[in-house]
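Okay, so here's the structure we're looking at.
Order of appearance sets the numbers: ligands from 1, and atoms from 1 within every ligand. All values below were derived from every heavy atom in this structure, side-chain atoms included, with hydrogens, water molecules and symmetry-related copies excluded.
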Amino acid sequence: MPTLGVNIDHIATIRQARRTVEPDPIAAAVLAELAGADGITAHLREDRRHIQDRDVRLLRQTVRTHLNLEMAATDEMLAIALDIKPDYVTLVPEKREEITTEGGLDIVGQIVRIGEIVDKLQNAGIPVSLFIDAEPAQIEASVKVQAKFIELHTGKYAEAKDETTKQQELNLLAQGCEQAIKSGLRINAGHGLTYWNVHPVAALPGMEELNIGHTIISRAALVGIERAVREMKEAMKGNG
Ligand SMILES: CC(=O)[C@@H](O)[C@H](O)COP(=O)(O)O
Ligand SMILES: NCC(=O)COP(=O)(O)O
């Protein structure tokens with residue numbers, strides 16, 4: 001069974017709605033860990049729409065499980081990651097106008113640039129995960145740049161409008177896992193996973209960690225983050 005990385009971005013979304021100090025993502029991370037989160041994920045976006053630099057610095061000092069910093073492949077974010085030294089970095093695509101991440105990072109089309117960033121981070125002792133679609137060429141390129149992990153983008157699976165499409169997307173994820181395992185890549189997954197669709201992804205071969213945020217924070221708004229995290233751990237086991 002994979003571990004659970006709780007993405008606390010949208011605790012910060014609520015705070016930033018008033019540009020105030022609450023709710024504090026740091027407090028949310030502590031409570032999530034006490035409830036069984038195996039890791040904390042935070043996405044420091046170039047536009048700082050939710051997580052702030054202050055949050056990432058304090059998370060580094062307070063997270064007791066492991067800290068996954070999601071970031072774009074930019075010089076600014078590279079400098080921040082090298083300074084803060086998260087337990088691992090996940091390189092994700094970013095567009096200012098997007099509501100949320102819209103797809104996987106294109107490794108194939110920028111393999112030199114991504115390779116440079118992966119080298120700098122991993123030479124500093126920070127393992128890198130690449131947030132990619134489960135496409136053979138992207139997986140192959142992830143091997144070429146010597147990333148330690150890939151994180152399979154589960155958005156198309158999560159947004160499937162019918163069971164046939166959902167199963168097709170799950171099959172593509174499973175094929176991606178098989179290719180990654182043969183290539184020596186470690187495997188995470190995330191984006192759009194919910195209490196109702198998470199178990200089949202958790203059951204994929206070689207799956208190490210699921211990074212889940214929006215659905216957990218949405219439930220936390222109603223029942224509290226400790227219960228929301230505990231219930232996600234159960235949902236991952238199929239006890240939804
Ligand atoms: C890469 C991914 O799917 C998420 O981890 C990312 O954080 C989504 O961006 P928002 O958190 O801004 O929705
Ligand atoms: N990388 C996926 C993540 O951290 C959380 O994505 P979501 O569950 O908020 O869609």
*asked:* I'd like to know whether N171 forms a side-chain hydrogen bond (donor to acceptor under 3.5 Å, both in side chains) with Q175, so could you lay out the CA-CA distance, the side-chain angles of the two residues, the decisive distance to 0.1 Å, and finally the verdict.
replied: CA-CA 6 Å; N171 291 341; Q175 290 163 24; over 6 Å; no
*Between S129 and E151, is a side-chain hydrogen bond (donor to acceptor under 3.5 Å, both in side chains) present by the stated rule, with each step listed?*
CA-CA 6 Å; S129 178; E151 178 168 331; 4.7 Å; no
*Which is it for R113 and D106 under the salt bridge (Lys or Arg N to Asp or Glu O under 4.0 Å) test, yes or no, and what are the steps along the way?*
CA-CA 11 Å; R113 173 64 175 156; D106 177 19; over 6 Å; no
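- Listed by chain and number, residues touching ligand 2 at under 4.0 Å (heavy atoms only) are N7, T41, E70, F131, E151, G190, H191, G192, N211, I212, G213, H214.
- Contacts classified as salt bridge (Lys or Arg N to Asp or Glu O under 4.0 Å) and involving residues 14-23 (residues at least two apart or in different chains) are given here: R15-D55.
- Residues with a heavy atom under 4.0 Å from ligand 1: N7, D9, H10, H43, R45, H50, E70, V92, T100, T101, F131, H191.
- Checked options N211, I40, L59; the residue passing with N68 is N211 (criterion: side-chain contact (heavy atoms from CB on, under 4.5 Å)).
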*Where do D24 and R54 land on the salt bridge (Lys or Arg N to Asp or Glu O under 4.0 Å) test, with the steps shown first?*
CA-CA 11 Å; D24 193 333; R54 164 262 187 205; 2.8 Å; yes
*asked:* Run H66 and E209 through side-chain hydrogen bond (donor to acceptor under 3.5 Å, both in side chains) and show every step you take.
replied: CA-CA 11 Å; H66 58 258; E209 183 151 272; 2.8 Å; yes
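- If you run side chain to side chain donor-acceptor pair (under 3.5 Å) between D47 and each of R45, H50, R49, only R49 comes through.
- Taking the salt bridge (Lys or Arg N to Asp or Glu O under 4.0 Å) definition, one finds that E102 meets it with K95, sequence neighbours left out.
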